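Being a predicted model, the structure only gives us computed values, none of them experimental.
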Amino acid sequence: MATTYTISDLAKEFDLTTRAIRFYEDMGLLQPQREGPGGRNRIYTARDRTRLKLTLRAKRLGLSLVEAKEIIDSYDSPRDTAPQLQKFMAILAEHRKKLEAQMLDLQANLDEIRTHEKEARVLLGKAVKPK
């Protein structure tokens, strides 16, 4: 029998709220089976667990959920890994460019702060001089 998980199992294992897991389900990242009265109980498979793990890894890299879904879904296609890896590389390259641009902006902001701090120290030194 295949291993299955409840929403609480996954929430506990990955330190998430059940609401977050339901959100990932709404985004199409997870597709649990429904059981019980009115299909209220979600039953997650090992595939869902792996997809959740990959989703969280993509989030740590700073990828959007849409980008994560594109990458993860590509692995559900035929086993030719070249297109999957090309897609992954393209998304990573685009994300790297965004991060590098943000880093340049942050560096410019830090430089400006240093300039203002230096000017403020000079003015403070002049203001506190004994008469």
Counting only pairs under 3.5 Å, give me each side-chain donor-acceptor contact of residues 96-112, with atom names and distances, residues two or more places apart or in other chains.
{"residue": "Gln107", "atom": "NE2", "partner": "Asp111", "partner atom": "OD1", "Å": "3.2"}
{"residue": "Asp111", "atom": "OD1", "partner": "Arg114", "partner atom": "NH1", "Å": "3.0"}

Is a side-chain N or O of His95 found less than 3.5 angstrom from the main chain of Leu61, in a donor-acceptor match? yes
Mind checking the CG-CG spacing from Leu63 to Leu92? Nearest 0.5 Å is all I need. 6.0 Å
Is any side-chain heavy atom of Phe14 less than 4.5 Å from a side-chain heavy atom of Ile21? no
Out of Glu67, Glu70, Glu94, which one pairs with Lys87 under the salt bridge (charged side-chain N to carboxylate O under 4.0 Å, His left out) rule? Glu70
For residues 9-24, which residue pairs pass the side-chain hydrogen bond (donor to acceptor under 3.5 Å, both in side chains) check, not counting sequence neighbours? Thr6-Asp9, Glu13-Arg49, Thr18-Arg22, Tyr24-Lys59
How long is the span from the CD1 atom in Ile72 to the CZ atom in Arg47, to the nearest 0.5 Å? 9.5 Å
List for me each residue that meets salt bridge (Lys or Arg N to Asp or Glu O under 4.0 Å) alongside Glu35, sequence neighbours excluded, and say none if there are none. none
Shortest non-hydrogen separation from Phe23 to Leu65 and the atoms involved: CE2-CD1, 3.3 Å
Nearest 0.5 Å, please: how far is OH in Tyr5 from CD1 in Ile43? 12.5 Å
Can you tell me which residue pairs pass the salt bridge (Lys or Arg N to Asp or Glu O under 4.0 Å) test with a partner in residues 115-128, sequence neighbours excluded? none
Arg60: side-chain contact (heavy atoms from CB on, under 4.5 Å) partners, not counting sequence neighbours: Leu56, Arg57
Distance-only check: which donor-acceptor pairs under 3.5 Å involve side-chain atoms of residues 25-33, not counting sequence neighbours?
{"residue": "Glu25", "atom": "OE1", "partner": "Arg42", "partner atom": "NE", "Å": "2.6"}
{"residue": "Glu25", "atom": "OE1", "partner": "Tyr44", "partner atom": "OH", "Å": "3.4"}
{"residue": "Glu25", "atom": "OE2", "partner": "Arg34", "partner atom": "NH2", "Å": "3.0"}

